[in-house]
Q: 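Encoded as structure tokens, here's the structure I'll be asking about.
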Amino acid sequence: MHYSIQNLETIKEEVKLNCKTESLPNIIAVSKTFSIDKINPLIEYGHKHFGENKVQEANSKWRAIKEKNDEIKLHLIGSLQTNKVNLAVEIFDYIHSVDSKKLAKKISDSQLKKNKSLKIFLQVNIGDENQKSGINPNDLPELVSFCKDLRLNVIGLMCLPPVTENAEIFFQKLYSLNLQYKYNQLSMGMSSDYLKAVKNHSTFLRIGSKIFGNRL
Ligand SMILES: *Cc1c(COP(=O)(O)O)cnc(C)c1O
């Protein structure tokens, strides 16, 4: 059995043990920087959700695969520049990084032209960090209603907690914001903190190195 499959199965079991609800969170295998030959075993194994953080890299790695296999769901987890929106709307099924009205509008325009409707997460700068992407929690209400007016299919909130602090506090905060807006999905948890995310009701874990090994 390929190591990536073994790693995924180990994670799934841990997640099951730590999950309070019957429906288990989805696991996005974050394959950024890994070549397709490292990813193929998981695809053949039947895994469905994969994550990339760069539009061009995702396009060259995944376009042919997605044309053959429409069960694969591709998630954009990295920040999106407005000049790459058209390509992103073509190749991805989910975008986790919408954090401004400008970007939301661009995605909406592009989707109308291409007759598509991606599933969207709004990225929240939950630790209120200067250098971090994500919308400030104070500005979230305005972005939420803007996206509603555009009829974007926003399914939940996403965050990357501050690395130096206990992630759990931030996961709790994001969960309660998510409840407030009555979203059904929640994108949080990476290799270092996914069990904490599971305990705080995450529905999409984004896990890279714990599945594929360390990135160079
Ligand atoms: C790279 C990345 C991940 C996965 O990180 P690992 O620590 O390898 O699990 C998750 N979310 C985002 C936004 C990332 O950029």
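Order of appearance sets the numbers: ligands from 1, and atoms from 1 within every ligand.
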Q: Measure the distance from atom 12 (C) of ligand 1 to every protein heavy atom, then report the residue, atom name and distance (to 0.1 Å) of the closest one.
A: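 Here the nearest protein heavy atom works out to I77 CD1, 3.5 Å.
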Q: Go through the steps for K66 and L74 under the test side chain to side chain contact (heavy atoms under 4.5 Å, CB included), then give the verdict.
A: CA-CA 9 Å; K66 289 200 76 201; L74 201 56; 4.1 Å; yes
Q: Any nitrogen or oxygen of M158 lying under 3.5 Å from a nitrogen or oxygen in ligand 1? Just yes or no.
A: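 Not met; the criterion fails.
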Q: For L80 and I95: C-alpha separation, side-chain torsions, deciding distance, then whether side chain to side chain contact (heavy atoms under 4.5 Å, CB included) applies.
A: CA-CA 9 Å; L80 174 57; I95 298 177; 4.1 Å; yes
Q: Near G208, which atoms of ligand 1 are under 4.0 Å from a heavy atom of that residue?
A: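 It comes down to these atoms of ligand 1: 4 (C), 6 (P), 8 (O), 9 (O).
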Q: Hey, is ligand 1 close enough to N53 that some N/O pair sits below 3.5 Å?
A: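 No: no nitrogen or oxygen of N53 is under 3.5 Å from one in ligand 1.
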Q: Is the closest heavy-atom distance from I207 to ligand 1 below 4.0 Å?
A: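 I207: in contact with ligand 1 (<4.0 Å).
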Q: What is the nearest protein non-hydrogen atom to atom 9 (O) of ligand 1, stated with its residue, atom name and distance?
A: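 Heavy-atom neighbour on the protein nearest atom 9 (O) of ligand 1: S191 OG, 2.5 Å.
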Q: Looking only at heavy atoms, which two atoms of I155 and Y94 are closest? And how far apart?
A: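 Heavy atoms only, the tightest pair is CD1-CE2, 3.8 Å.
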Q: Does at least one non-hydrogen atom of R215 fall below 4.0 angstrom from an atom of ligand 1?
A: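 Checking ligand 1 against R215, which is what was asked, there is a heavy-atom contact under 4.0 Å.
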Q: Is it the case that K196 places NZ or CZ above or below the six-membered ring of F171, under 6.0 angstrom from the centre and within 45 degrees of the axis?
A: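 Judged by the rule (NZ or CZ under 6.0 Å from the ring centre, within 45° of its axis), K196 is not positioned above F171.
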Q: Go through K114 and E90 one step at a time and tell me if the side chain to side chain contact (heavy atoms under 4.5 Å, CB included) criterion holds.
A: CA-CA 8 Å; K114 296 178 193 295; E90 276 176 34; 3.1 Å; yes
Q: Would you mind telling me which of D149, V144, L143 makes a side chain to side chain contact (heavy atoms under 4.5 Å, CB included) with C147?
A: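 Testing each of D149, V144, L143 against C147, the sole residue satisfying side chain to side chain contact (heavy atoms under 4.5 Å, CB included) is L143.
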Q: I need the nearest protein heavy-atom contact for atom 2 (C) of ligand 1: residue, atom name and distance, please.
A: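 Here the nearest protein heavy atom works out to K32 NZ, 2.6 Å.
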Q: Check each atom of ligand 1 against the heavy atoms of S209 and keep those under 4.0 Å away; list them by number with element.
A: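 Numbered from 1, ligand 1 contributes 6 (P), 7 (O), 8 (O), 9 (O).
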Q: Counting heavy atoms only, which of R206, K210, E52 is nearest atom 4 (C) of ligand 1?
A: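 Considering heavy atoms of R206, K210, E52, the nearest to atom 4 (C) of ligand 1 sits in R206.
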Q: Any nitrogen or oxygen of S192, side chain or backbone, less than 3.5 Å from one on ligand 1?
A: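 S192 vs ligand 1: no N/O contact under 3.5 Å.
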Q: Do the rings of H75 and F204 sit parallel, tilted or perpendicular, given the 30° and 60° boundaries?
A: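 Geometry flag for F204 against H75: tilted rings.
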Q: List the steps and the verdict of salt bridge (Lys or Arg N to Asp or Glu O under 4.0 Å) for E9 and K12.
A: CA-CA 5 Å; E9 283 305 323; K12 277 188 185 167; 3.6 Å; yes
Q: Considering only the protein, which heavy-atom contact is closest to atom 5 (O) of ligand 1, and what is its distance?
A: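 That would be M190 CE, 3.4 Å.
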